[in-house]
Protein chains: 4
Amino acid sequence: MSHAPNPDLRSPRVHRSTLDAALELAVRDGYVNVTVEAIAAAAQVGKQTIYRWWPNKAAVLLEALNDRTGPASQVPDTGDITADLTAALQGVMELLSTDLGTIWRGLIGDAQRDPRLAEDIRRTFLEPRMLYWEQRLGSAIAEGLLRADVPPRTVVELLFGPVYYRLLLETDPLDPEHAAARVDYLLNGLKA
Amino acid sequence: MSHAPNPDLRSPRVHRSTLDAALELAVRDGYVNVTVEAIAAAAQVGKQTIYRWWPNKAAVLLEALNDRTGPASQVPDTGDITADLTAALQGVMELLSTDLGTIWRGLIGDAQRDPRLAEDIRRTFLEPRMLYWEQRLGSAIAEGLLRADVPPRTVVELLFGPVYYRLLLETDPLDPEHAAARVDYLLNGLKA
Amino acid sequence: MSHAPNPDLRSPRVHRSTLDAALELAVRDGYVNVTVEAIAAAAQVGKQTIYRWWPNKAAVLLEALNDRTGPASQVPDTGDITADLTAALQGVMELLSTDLGTIWRGLIGDAQRDPRLAEDIRRTFLEPRMLYWEQRLGSAIAEGLLRADVPPRTVVELLFGPVYYRLLLETDPLDPEHAAARVDYLLNGLKA
Amino acid sequence: MSHAPNPDLRSPRVHRSTLDAALELAVRDGYVNVTVEAIAAAAQVGKQTIYRWWPNKAAVLLEALNDRTGPASQVPDTGDITADLTAALQGVMELLSTDLGTIWRGLIGDAQRDPRLAEDIRRTFLEPRMLYWEQRLGSAIAEGLLRADVPPRTVVELLFGPVYYRLLLETDPLDPEHAAARVDYLLNGLKA
DNA sequence: GCTTAAGCGAGACGGTACGTCAAGTCTTCAC
DNA sequence: GTGAAGACTTGACGTACCGTCTCGCTTAAGC
């Protein structure tokens, strides 16, 4: 019965204030304690209005996070794949060390029970970033700088997998200062 | 004021049937759809009885999973670190490809909102396994087989991080058949 | 600050199609399930336009009902008060036995929570009809046909009260065929 | 999915405090402004608990009203049908002139949109009272005191119909002081 | 004929209450 | 005192409809 709303008529004020309020609340109270109702109240927005544009609080926060973080690859291509990889790794670790990292944990946590959210996370966040590095790594392989038999996607996973491991399992704190060493291990191998 | 229950008086029947029912329900209905109420009903056990011995459904399932999976390191020490690492990696990937992997995802998901659960996961599951491999890797370093400047824990993360990345973010399906290649990349480096 | 709209500029098309759509929807879906939104959609009219001319759906339906039913006293004055009373009573019962009776129930139901609606119902519907019969009864009293000590208004209530009792409380279905008997009881008394 | 609760295990405290709180709120804020949530809060009771035992606020208030009003026929049988009818009529009018009358209006109003409520009103309130007077009137007829061709139920409607007419349509305030006159009109007829 | 002020269709908006769900606690009874 | 059964409080959920608002559009009146 509920018609799809017309995006052209969407109120920019509502859009903005919802994203802002959601993020602020999540930072202040923690991802778990945020409710759609609280976002609505804080954003001076009707609850139904939020549900008109987002399926749940996770979707709001994902968009808020993407909105805040900006598009993928903030790291310039200097031509030096090692340096750029290090910069990217360090950047991600630093980002995930902030309040936003905590929210990100919550989102990924919720994604374990909500396939649509998981899909949105991949589509709007992970894939663009993975794709960029796959391409960079592909170029490096083409230039003969890296082993040709290693799938770029695997390298990306070796790079970022451990970061998410620490983020989500909290076995150790994230250590942006060791980003360079990690890249070194990866590129040069572990054998003595 | 709820007294701590006396573990000596704990009914083994209740303990067993609760774990079994929880696992069965989680496999059948999915982690999300399991409720303590359903476990209690399926196990022919009072809801309060479950809450007497576990804080929530996640704790029940964590114990059920540990109970089913058995203790860490099912992989024998053959002396060949490369082969053993490969076997371990492949074993984990295979395990996480089953129904249990789905439950495991749910648990880690919930752990993002429940620090106590996160702690229990680390203590009862992750740390024993990480510790075992840290020791094996330490020995390998001592034997001069691996670079001495690489912390064993980092190696463990490089090994299992990507697995959890795929498990939790579902960017690609787990591929136990490529375990050997992954270990190879890691030990031999990616440089051409 | 919403200006009072200018009735001269009111679109007759809107007026008509709103009343018609409202009545049609109420008959089809039942009074309860009619919403202003649905009326607007069915009448091809903006929701705001309805709210410009009526305070709520009840007001629309009250006017629609009055519009359909026509002015009070469809019963000609034959000079025979008993016969005319019977005809009137029977007419009301028959009217209230139709779909319009159901809508009428809904309106009176809503009037219990909306004093303004109650007032409108009295003013536009009940009072004109009561007034007419009070006058007829007054004449009959003046002619010495009826007891002089009985207030005409009380007679009207004795006549129509039981009808509304059945309509609203549904203890029994309306029985237009017994209208004559009812008038008889009333005029001749119940004593043996 | 939701099991029917077991009435034997129903908490008397909850039952009582819910009815009391509902009535108090309805008197204080008016029937319309009562919400299930407010009743729950005022009664120190979970909202879910109210929904476990009653379908909606109307059902709560109906029971509360019945609980307060007590069983049908507070009027003793003196043997004098005229006097007893007068007493009953006056009693009802007085009752409906109080705050409870306002609540009663709200309930009957809601019953216009909720057939189940209407049925409950008839079953728990109206029918017992109507039945009592039908029997009394039946006896009077048997004794030859009243016309034998008038159905007792019709007499009851002639008696109470006008009361509900005034209650629900508010054409005039209830006038308990004229109860005797009304009975007189009815029993003795209106013809001069 | 051009301006302008209204009514109008459409539909997004803030808000209130709804009825539902699961969580975790408390109570009762049987053993 | 353990355990089964289940009623309880709590809090968030997502929905429905209300009545208001904002946006262009059309339409009639007045210059």
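We name chains A, B, ... by the order of the sequence lines, and we start the count at 1 in each one. Scope of the values below: all heavy atoms of this structure, side chains included, with no hydrogens, waters or symmetry mates.
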Can you name the atoms? Protein N/O to nucleotides 12-15 of chain F N/O, anything below 3.5 Å, with the distance.
from   : atom 1 : to      : atom 2 : distance (Å)
F:dC13 : OP2    : A:Val36 : N      : 3.2
F:dG14 : OP2    : A:Tyr51 : OH     : 2.4
F:dG14 : N7     : A:Lys47 : NZ     : 3.1
F:dG14 : O6     : A:Lys47 : NZ     : 2.8

Checklist entry - Ignoring hydrogens and geometry, is there a side-chain-to-backbone donor-acceptor pair from B:Gln112 to B:Ile108 under 3.5 Å? => result yes
Checklist entry - Separation of D:Asp8 atom CG from E:dT27 atom C1', in whole Å? => result 15 Å
Item to check | Residue mapping more 5' on DNA chain F - nearest nucleotide basis, B:Arg13 or D:Pro12 | outcome: B:Arg13
Checklist outcome for this item: Taken to the nearest whole Å, CG/A:Leu9 to P/E:dG9 is 17 Å
Item to check | Whole-Å distance separating the CG atom of D:Asp110 from the P atom of E:dC18 | outcome: 11 Å
Item to check | E:dG7 phosphate, OP1 or OP2, under 4.0 Å from C:Ser11 side-chain N/O | outcome: no
Item to check | Pair C:Tyr51, C:Asn56: side-chain N/O donor-acceptor within cut-off below 3.5 Å | outcome: no
Checklist entry - Are more than 12 heavy atoms from other residues, nucleotides or ligands located less than 6.0 Å from atom CD of A:Glu170? => result yes
Item to check | Derivation of the side chain to side chain contact (heavy atoms under 4.5 Å, CB included) call for C:Phe125 and C:Trp104 | outcome: CA-CA 11 Å; C:Phe125 194 94; C:Trp104 196 233; 3.4 Å; yes
Item to check | Interatomic distance, B:Ile50 CD1 vs E:dA23 C1' [rounded to whole Å] | outcome: 13 Å
Checklist entry - Taking only side-chain nitrogens and oxygens of A:Arg52, does any of them come within less than 4.0 Å of OP1 or OP2 of E:dC13? => result yes
Checklist entry - Over how many whole Å does the gap from A:Asn6 atom CG to F:dT22 atom P extend? => result 18 Å
Next on the checklist: By the 4.0 Å heavy-atom rule, please label C:Arg10 as base, sugar-phosphate, or nothing.
Outcome noted: sugar-phosphate
Item to check | Spacing of C:Gln44 atom CD relative to F:dT26 atom P, expressed in whole Å | outcome: 15 Å
Item to check | CD (C:Glu119) with more than 12 external heavy atoms under 6.0 Å | outcome: yes
Item to check | Comparing B:Ala41 and D:Gly46 on DNA chain F - which has the more 5′ nearest nucleotide | outcome: B:Ala41
Item to check | Row check, A:Trp54 ring normal vs A:Arg10 NZ/CZ: under 6.0 Å, within 45° | outcome: yes
Checklist entry - Nearest-Å distance, CH2 (C:Trp53) to C1' (F:dG19)? => result 18 Å
Next on the checklist: Determine whether a donor-acceptor pair (N or O, by modelled atom type, separation under 3.5 Å) exists between the side chain of A:Lys57 and the backbone of A:Ala22.
Outcome noted: no
Checklist entry - Base, sugar-phosphate, or nothing: which does D:Trp54 touch, judged by heavy atoms less than 4.0 Å apart? => result nothing
